[in-house]
Amino acid sequence: MTERDWERRAPGRVKEVTSLSNPLVKDLKALALKKYRDREHAFMAEGLKLVLDALDEGWTIRTLVYAKTGRGNAAVEKAAARTVAAGGLVLEVGEKVLSAVTRRDNPQMVVGVFEQRYRALGEIRPAEGDVWVALDRVRDPGNLGTVIRTVDAVGARGVILVGECTDPFSLETVRATMGSLFSVPLARAEPEAFLSWRKDFPGLVVGTHLKGSVDYRAIEYAGRPVLLLMGNEQQGLPDRLAETCDRLARIPQAGRADSLNLAVATGVMLYEIRRKVLPMAAPETGS
């Protein structure tokens with residue numbers, strides 16, 4: 001094992017790094033590339049809250065990077081101690097190193113490197129009332145991050161990525177989830193594998209489609225598992241996937257727009273699907 005490998009893998013290491021040419025910094029910067037993230041099965045989460053959310057949800061941390069200005073911050077030091085206890089590497093760095101790693105001029109104080117996590121499609125066995133979202137070839141990191149955040153907000157169970165989708169572990173997507181990535185299970189599948197799994201889905205499969213024949217509010221969702229199938233931002237739901245739906249729903253529009261943003265449409269559908277189980281907000285009472 002080389003010295004570089006030892007530094008990367010040694011448990012409970014705390015190291016000060018000031019040079020942009022340090023091999024550890026180069027490895028961290030490389031996580032901006034999907035091929036490197038996939039090879040290392042790792043990704044970065046920026047911000048103390050996201051790092052703590054991930055640790056609280058049991059995600060495996062490999063490296064914690066924090067700015068020197070964070071020294072003495074109780075929450076930062078707690079995150080560092082948890083990283084050391086988990087066998088991770090802790091790096092204390094200058095602002096220029098942190099900016100290079102995050103590719104931002106004003107980076108947050110803390111960055112964590114975590115192991116990627118996917119749920120095997122075959123392990124998903126929906127029970128009554130469960131809601132899953134399947135996204136076909138979603139391309140925009142902001143859309144995917146917002147969908148994951150909305151799935152978390154409504155209490156749906158998880159997201160299935162079908163076909164060539166944007167990477168849920170890119171920095172842009174992780175930021176857009178606002179921490180929900182760590183509490184929403186993800187699965188991924190090629191269309192053939194997804195269609196095979198769908199054959200045994202024990203509930204209602206609903207897709208949104210411009211040619212949908214049913215108003216989304218007229219469908220009875222309660223009392224059974226629901227799979228919401230959403231299409232690509234540009235092309236919508238392809239015929240092959242549309243044909244597998246039990247219902248094709250439409251969302252009425254009164255204005256001139258010819259379609260809704262993918263994340264917005266998914267949010268509209270999810271809140272309707274979950275409407276009967278989401279508690280009504282109690283009215284505020286006057287003094």
Side-chain angles (χ1 to χ4, degrees), residues 28 31-32 34 36-66 70 73-91 98 101-104 107-121 123-124 126 130-135 138 140-162 165-189 228 263 266-267 270 274 278:
L28 291 169
L31 288 174
K34 184 179 185 301
Y36 192 86
R37 290 194 297 272
D38 289 346
R39 192 186 80 186
E40 297 296 319
H41 305 290
F43 69 102
M44 283 195 295
E46 183 187 358
L48 181 60
K49 179 185 182 301
L50 264 64
V51 169
L52 292 176
D53 285 346
L55 291 171
D56 289 343
E57 291 294 332
W59 287 63
T60 301
I61 188 167
R62 294 186 182 177
T63 306
L64 181 78
V65 184
Y66 70 89
N73 181 302
V76 173
E77 292 189 350
K78 182 178 180 180
R82 293 177 68 177
T83 302
V84 170
L89 177 65
V90 178
L91 303 179
L98 204 55
V101 167
T102 61
R103 302 195 173 201
R104 286 166 62 129
Q108 297 198 43
M109 188 186 302
V110 177
V111 173
V113 177
F114 294 89
E115 291 185 4
Q116 295 185 9
R117 182 189 293 180
Y118 283 103
R119 175 81 59 86
L121 192 61
E123 294 177 358
I124 300 175
D130 285 355
V131 178
W132 282 82
V133 176
L135 300 175
V138 57
D140 184 84
N143 277 338
L144 177 54
T146 302
V147 168
I148 291 171
R149 187 178 178 187
T150 306
V151 164
D152 188 15
V154 303
R157 292 301 304 275
V159 174
I160 302 169
L161 303 175
V162 182
C165 292
T166 190
D167 187 3
F169 297 112
S170 71
L171 262 176
E172 295 82 6
T173 306
V174 174
R175 286 171 185 152
T177 71
M178 297 293 288
S180 291
L181 173 73
F182 302 115
S183 55
V184 173
L186 298 177
R188 57 182 175 178
L228 174 62
T266 304
L270 282 173
R274 296 283 292 164
L278 292 173

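Treat the numbers as computed from the prediction; the structure is a model and nothing was measured.
Taking OG1 of Thr173 as the reference point, atom CD1 of Ile148 lies at 7.0 Å (rounded to 0.5 Å). Here CD of Glu46 is found 4.5 Å from CZ of Arg175. Values are rounded to the nearest 0.5 Å. Remark: Leu161 CG to Tyr118 OH distance equals 6.5 Å, nearest 0.5 Å. Distance check, rounded to the nearest 0.5 Å: OG1 of Thr102 to CG of Leu98 gives 5.5 Å. Distance CG/Leu50 to CE/Met178: 7.5 Å, rounded to 0.5 Å. Annotation: the span from Thr60 atom OG1 to Arg117 atom CZ amounts to 6.5 Å, rounded to 0.5 Å.
Residues Val90 and Val84 are in side-chain contact: their nearest non-hydrogen atoms beyond the backbone lie under 4.5 Å apart. A heavy-atom distance below 4.5 Å is found between the side chains of Arg82 and Asp56. Proximity of Leu121 to Ile160: side-chain heavy atoms (C-beta onward) are separated by under 4.5 Å at one or more points. At a threshold of 4.5 Å between non-hydrogen side-chain atoms, the residues Val131 and Val151 do not count as touching. For the pair Val113 and Leu31, the minimum side-chain heavy-atom distance is below 4.5 Å. A heavy-atom distance below 4.5 Å is not found between the side chains of Val65 and Val101. Side-chain atoms of Leu270 and Thr266, non-hydrogen and from C-beta on, do get closer than 4.5 Å to each other. Within the 4.5 Å cutoff, the side chain of Leu181 has heavy atoms near those of the Leu186 side chain.
Contact between Arg37 and Ala32 at its shortest, heavy atoms only, is NH1-O, 3.0 Å. Between Ala263 and Asn143, the shortest heavy-atom contact is CB-OD1, 3.6 Å. The nearest pair of heavy atoms linking Thr177 to Val174 is OG1-O, 2.8 Å. Among all heavy-atom pairs drawn from Leu278 and Val154, the shortest one is CD2-O, 3.7 Å. Listed here is the closest heavy atom pair of Phe182 and Ala45: CZ-CB, 3.8 Å. Considering every non-hydrogen atom in both Pro141 and Ala176, the closest pair reads O-CB, 4.2 Å.
If you run side chain to side chain donor-acceptor pair (under 3.5 Å) between Ser180 and each of Asp152, Thr146, Thr150, Asp53, only Asp152 comes through.
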Derivation of the side chain to side chain contact (heavy atoms under 4.5 Å, CB included) call for Val184 and Val159: CA-CA 7 Å; Val184 173; Val159 174; 4.2 Å; yes
Step-by-step side chain to side chain contact (heavy atoms under 4.5 Å, CB included) determination, Val110 to Val76: CA-CA 8 Å; Val110 177; Val76 173; 3.9 Å; yes
Criterion side chain to side chain contact (heavy atoms under 4.5 Å, CB included) on Val162 and Leu135, from CA distance to verdict: CA-CA 6 Å; Val162 182; Leu135 300 175; over 6 Å; no
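Phe114 does not carry Arg62 over the face of its six-membered ring by the limits of under 6.0 Å from the centre and within 45° of the normal.
Side-chain N or O atoms of Gln116 include one that pairs as donor or acceptor with a backbone N or O of Ala42 at under 3.5 Å. With hydrogens and angles disregarded, no donor-acceptor distance shorter than 3.5 Å links the side chain of Trp59 to the backbone of Glu115.
Remark: Arg157 engages Asp130 in a salt bridge, criterion side-chain N to carboxylate O under 4.0 Å.
Using a 30° and 60° split on the angle between ring planes, Phe43 and Phe169 fall in the tilted class, from 30° to 60°.
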